[in-house]
**Student:** 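Structure provided below as structure tokens; questions to follow.
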2 protein chains.
Amino acid sequence: MGPTIKDVAKEAGVSITTVSRVLNQYSDVNPKTRTKVLKVVEQLGYQPNSVARSLVMKRTQTVGLVVSDLSRSRNGHHFMFDVLCGINDRVQELGYDLVLFSTSTTAQKKTPYMDFVRQRRVDGVLMMGIRLDDPYTHEVVEASVPSVLIDVPLVSDTCSYVTTDNVAGATMAIQHLVELGHRRIGFVNGHAQAAVSKERLQGYRMALEEAGIAYDPELVYYGNFEQQDGATGVAELMEKFEDLSAVFFASDLMALGGIKYLQSLQLRVPERMSIVGYDDIELAAMMQPMLTTVRQTRYEMGQSAAETLIRMLEQNEKGRGIVLPPELVVRETTSKHGVNLSHI
Amino acid sequence: MGPTIKDVAKEAGVSITTVSRVLNQYSDVNPKTRTKVLKVVEQLGYQPNSVARSLVMKRTQTVGLVVSDLSRSRNGHHFMFDVLCGINDRVQELGYDLVLFSTSTTAQKKTPYMDFVRQRRVDGVLMMGIRLDDPYTHEVVEASVPSVLIDVPLVSDTCSYVTTDNVAGATMAIQHLVELGHRRIGFVNGHAQAAVSKERLQGYRMALEEAGIAYDPELVYYGNFEQQDGATGVAELMEKFEDLSAVFFASDLMALGGIKYLQSLQLRVPERMSIVGYDDIELAAMMQPMLTTVRQTRYEMGQSAAETLIRMLEQNEKGRGIVLPPELVVRETTSKHGVNLSHI
DNA sequence: CTGTTAGCGCCTTCAG
DNA sequence: CTGAAGGCGCTAACAG
């Protein structure tokens with residue numbers, strides 16, 4: 001392997017203590033000695049061994065990103081990749097390494113969270129794609145190792161979260177629909193064990209009631225964020241409600257599925273049915289017609305999560321919640337209720 | 001922190017050596033002692049410190065995945081995520097950790113590759129998204145640390161690669177088009193510094209010549225795999241060749257851009273212009289019309305890369321090339337030349 | 001079968 | 001300002 005601190009010390013004619021001092025920016029080192037050491041470091045191409053350092057410092061400068069079901073999540077795909085990028089960039093900028101873990105791999109599934117953290121020796125953990133009823137969830141919040149949850153609003157002294165305001169996001173979507181004159185608005189939600197689903201449902205409900213429209217649980221369908229669920233969802237809602245004129249989907253992918261289904265029935269969007277999605281994935285602007293949706297700033301969520309975690313690590317900050325604002329992006333899948341129906 | 005091997009030893013009334021022995025599956029341990037130790041390990045919730053182990057073993061059981069420009073690659077997105085999943089799953093199954101690095105972050109860019117590997121102490125490296133003219137490329141191949149390149153066909157004793165057969169992929173695409181009667185076939189390629197671009201060009205050229213069609217460099221446009229390049233590409237090619245009836249794109253995203261451009265001109269696909277893409281991203285089957293394309297098994301590429309690297313690490317295998325077969329997926333964007341033109 | 005003894009490469013008091 | 005000494009938690013000969 002490469003040269004060690006010992007080699008540098010010998011070559012520079014000083015003790016390893018001194019080398020360590022200059023490497024760690026200690027001030028009490030004779031300028032001459034310092035430059036001497038630095039020169040040797042340079043010419044030997046010395047790289048401190050981070051493993052050895054970690055052992056004595058009891059810090060690895062590494063954070064773990066645990067994703068539930070990374071590969072199986074054909075749905076989360078678009079969402080996760082961007083968050084991952086944000087995390088990765090920020091973590092790196094702040095001088096940490098990022099280790100990836102997916103809990104999908106069968107064996108890992110039951111390993112208690114803490115065992116895994118302690119074994120891997122990460123300084124902190126970021127989690128995404130986790131469900132409220134996941135066994136990890138509780139463990140993470142209670143753990144002594146700092147963590148940041150993405151889209152799971154739970155806080156403790158050692159646990160923060162980053163999310164977008166899902167209540168507001170859903171509210172915006174519904175208000176938009178209400179303003180267009182829609183009264184019978186369906187909601188194809190995500191599965192009930194996702195925190196975001198609960199929040200979006202709340203927003204849906206609040207916006208409706210605020211508009212003087214009674215909330216009807218029958219208008220809510222629970223899917224799993226995937227395309228197919230969108231189709232099944234609208235189909236079911238349309239069967240129950242003949243006057244359904246708009247549907248709000250908890251993911252763009254489901255919205256896409258819904259639209260495809262409608263189109264297969266020769267029902268036009270938005271003339272016959274207005275559609276609002278959630279996420280604003282790349283695909284949303286590529287579809288025909290282009291999807292009206294609620295945008296989440298995924299990359300920023302990742303960045304923010306990384307920052308928050310590292311602040312907890314270095315500034316000893318306590319856990320807290322960070323809520324980013326969503327944004328309604330009006331495109332082509334929503335229109336006034338009742339208009340243009342004659343053309344069909 | 002948690003208990004150490006010392007605590008276990010004391011509690012079990014043996015030396016730490018013995019504890020170490022049972023933990024590492026040594027056979028020469030009295031069954032009674034073994035169970036005793038195991039019991040203590042259990043009740044103390046002892047987790048071996050991997051950092052300490054790494055220090056003495058000189059192996060971290062960690063591999064690095066370096067991605068050039070992870071976040072900036074709006075294009076690679078679809079491709080990379082799947083490969084990443086494959087890598088992650090396989091690496092984990094084989095008992096390693098995966099550390100993510102993106103070279104985009106400005107500062108990192110010029111750090112010599114080896115410095116970074118040595119500093120991070122990874123046992124091996126996987127690379128993707130790297131260009132032939134990237135300064136890293138050469139370093140990686142020469143490095144003593146084992147590595148596997150994805151889609152860059154370079155081999156050395158310590159460096160393998162995994163790719164799909166791009167020559168064959170392009171050949172299949174062109175043969176398909178030729179069989180449909182097309183003679184003037186354009187090619188919107190990726191940038192020239194991507195290994196895959198060179199190979200696909202070769203396949204394009206070979207298939208053409210085999211069909212008795214002269215290769216004309218003017219029919220090849222070089223883009224950057226992104227959607228916009230597709231539009232620009234077809235536009236330029238159509239201007240040069242009035243009888244252009246088919247275009248082969250080096251990425252689905254570019255194909256999409258091209259199709260959108262054609263549609264904006266009221267030119268129908270495939271009646272007026274047949275289109276073949278490359279990658280078979282999720283989007284390909286969602287488009288209208290659905291895209292005919294060359295599928296790459298991205299997840300499998302990732303798995304294979306991970307496996308190959310770890311075999312080099314553990315079995316001391318030498319570098320080698322692994323070429324996976326692509327597959328032509330015929331959908332709706334290709335049709336017989338000249339047919340249906342009357343309908344337009 | 002088991003304990004003793006050396007380190008792995010680095011940081012950190014504590015004396016000069 | 002600098003060096004000597006001890007130790008982080010674990011593995012690996014080498015003796016019993």
Side-chain angles (χ1 to χ4, degrees), chain A residues 1-41 44-62 95 97 115 117-123, chain B residues 1-41 44-62 95 97 115 117-123:
Chain A
M1 291 299 288
T4 76
I5 196 173
K6 225 184 259 173
D7 301 321
V8 177
K10 194 186 300 173
E11 185 68 22
V14 297
S15 75
I16 62 170
T17 311
T18 303
V19 177
S20 177
R21 280 204 186 88
V22 349
L23 257 33
N24 293 300
Q25 329 274 21
Y26 277 64
S27 54
D28 56 346
V29 174
N30 184 312
K32 272 188 186 163
T33 320
R34 152 168 282 119
T35 44
K36 178 74 191 286
V37 170
L38 253 21
K39 214 190 69 196
V40 175
V41 163
L44 256 50
Y46 169 73
Q47 289 291 129
N49 183 329
S50 62
V51 173
R53 174 178 280 163
S54 294
L55 182 59
V56 45
M57 303 283 267
K58 293 175 180 315
R59 305 186 79 245
T60 55
Q61 288 288 110
T62 296
D97 282 349
D115 285 7
V117 170
R118 289 229 313 276
Q119 236 259 76
R120 262 43 178 270
R121 248 74 202 182
V122 293
D123 294 339
Chain B
M1 291 298 289
T4 74
I5 196 172
K6 226 184 258 176
D7 300 321
V8 177
K10 194 187 300 174
E11 186 67 22
V14 297
S15 75
I16 61 170
T17 311
T18 303
V19 177
S20 176
R21 280 203 186 90
V22 349
L23 258 32
N24 294 299
Q25 328 275 19
Y26 276 65
S27 53
D28 54 349
V29 174
N30 185 312
K32 272 187 186 162
T33 319
R34 152 168 283 120
T35 44
K36 177 74 191 285
V37 170
L38 254 22
K39 214 191 68 194
V40 175
V41 163
L44 257 48
Y46 168 73
Q47 289 291 129
N49 182 327
S50 62
V51 173
R53 175 177 278 163
S54 294
L55 182 58
V56 47
M57 304 282 267
K58 292 176 180 316
R59 306 185 79 245
T60 54
Q61 288 289 109
T62 297
D97 282 349
D115 285 6
V117 171
R118 287 228 315 276
Q119 236 259 75
R120 262 44 178 267
R121 249 72 200 182
V122 293
D123 293 340

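Naming: A, B, ... by sequence-line order, numbering from 1 per chain.
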**Student:** Using every non-hydrogen atom in the two residues, find where I5(A) and Y46(A) come nearest and quote the distance to one decimal.
**Tutor:** N-CE1, 3.5 Å
**Student:** Measure across D123(A) and Q61(A) and return the closest heavy-atom pair with its distance rounded to 0.1 Å.
**Tutor:** OD2-N, 2.7 Å
**Student:** Whether N49(A) contacts dC8(C) is assessed here as follows: a side-chain N or O lying under 4.0 Å from the phosphate OP1 or OP2. Is that the case?
**Tutor:** no
**Student:** Please check this pair: side chain of N24(A) against backbone of Y26(A), looking for a donor-acceptor N/O pair closer than 3.5 Å.
**Tutor:** no
**Student:** For I16(A), report the nucleic acid contact type (base, sugar-phosphate, nothing); a contact means any heavy atom under 4.0 Å.
**Tutor:** base
**Student:** Is the backbone N or O of S50(A) less than 3.5 Å from a side-chain atom of S54(A), with the two atoms forming a donor-acceptor pair by type?
**Tutor:** yes
**Student:** Taking only the side-chain heavy atoms of N30(A) (C-beta and beyond), determine which of dC10(C), dG3(C), dT2(D) contains the nearest atom.
**Tutor:** dT2(D)
**Student:** For K6(B) and dC8(D), is the shortest distance between a side-chain N/O and OP1 or OP2 below 4.0 Å?
**Tutor:** yes
**Student:** Can you tell me how far the CG atom of L44(A) sits from the CD atom of E11(A), to the nearest 0.5 Å?
**Tutor:** 6.0 Å
**Student:** Between Y46(A) (OH) and dG9(C) (P), how many Å, whole number?
**Tutor:** 10 Å
**Student:** List the steps, then state whether side chain to side chain contact (heavy atoms under 4.5 Å, CB included) holds for T35(A) with K39(A).
**Tutor:** CA-CA 6 Å; T35(A) 44; K39(A) 214 190 69 196; over 6 Å; no
**Student:** Using a cut-off of strictly less than 4.0 Å between a heavy atom of the residue and any atom of DNA chain D, enumerate the qualifying residues of residues 51-58 of chain A by number.
**Tutor:** L55(A), V56(A), K58(A)
**Student:** Which one, dT2(D), dG3(D), dT2(C), comes nearest to the side chain of S15(A)?
**Tutor:** dG3(D)
**Student:** Quick one: R59(B) CZ to dA12(D) P, roughly how many Å, whole number?
**Tutor:** 12 Å
**Student:** So does S20(B) get a side-chain nitrogen or oxygen closer than 4.0 Å to the phosphate oxygens (OP1/OP2) of dT11(D)?
**Tutor:** yes
**Student:** Ignoring the backbone of T33(B), work out which of dG3(C), dC10(C), dC1(C) is nearest its side chain.
**Tutor:** dC1(C)
**Student:** Toward the 5' end of DNA chain D, which comes first, V29(A) or S50(B), by nearest nucleotide?
**Tutor:** V29(A)
**Student:** What's the NZ-P distance between K36(A) and dC1(D), to the nearest Å?
**Tutor:** 18 Å
**Student:** Which whole-number value in Å describes the distance from Q61(B) CD to dT11(D) C1'?
**Tutor:** 14 Å
**Student:** In whole angstroms, how far is the C1' atom of dG9(C) from the NZ atom of K10(A)?
**Tutor:** 14 Å
**Student:** Which heavy-atom pair separates S15(B) from A9(B) by the least distance, and what is that distance?
**Tutor:** C-CB, 3.8 Å
**Student:** Using the rule side chain to side chain contact (heavy atoms under 4.5 Å, CB included), only one of V37(A), L38(A), N30(A) pairs with R34(A); which is it?
**Tutor:** L38(A)
**Student:** How long is the straight-line distance from CD1 of I16(B) back to OG1 of T4(B), given to the nearest 0.5 Å?
**Tutor:** 8.5 Å
**Student:** When you check the phosphate oxygens OP1 and OP2 of dG3(C), does a side-chain N or O of T17(B) lie under 4.0 Å from one of them?
**Tutor:** no
**Student:** So V19(B), base contact, sugar-phosphate only, or nothing? Heavy-atom distance under 4.0 Å.
**Tutor:** nothing
**Student:** May I have the distance from R34(A) (atom CZ) to dT2(D) (atom C1'), rounded to whole angstrom?
**Tutor:** 13 Å
**Student:** Just to confirm, is there a sub-4.0 Å distance from OP1 or OP2 of dA12(D) to any side-chain nitrogen or oxygen of Y26(B)?
**Tutor:** yes
**Student:** Using atom CD1 of I5(B) as one end and atom C1' of dT11(D) as the other, report the distance to the nearest whole Å.
**Tutor:** 8 Å
**Student:** Taking CD from Q47(A) and P from dC8(C), how many angstroms apart are they, rounded to a whole number?
**Tutor:** 20 Å
**Student:** Of the nucleotides dA13(D), dT11(D), dG3(D), which one has an atom closest to the side chain of R21(B)?
**Tutor:** dA13(D)
**Student:** Could you tell me which non-hydrogen atom of R121(A) sits nearest to which non-hydrogen atom of T60(A), and how far apart they are?
**Tutor:** O-OG1, 2.7 Å
**Student:** Examine dG9(D): is either OP1 or OP2 under 4.0 Å from a nitrogen or oxygen in the side chain of T4(B)? Give yes or no.
**Tutor:** no
**Student:** Using five base pairs at each end, measure the axis-to-axis angle across the helix from dC1(C)-dG16(D) to dG16(C)-dC1(D) and round it to 10 degrees.
**Tutor:** 40°
**Student:** Mind checking the CD-CG spacing from Q47(B) to L23(B)? Nearest 0.5 Å is all I need.
**Tutor:** 9.5 Å
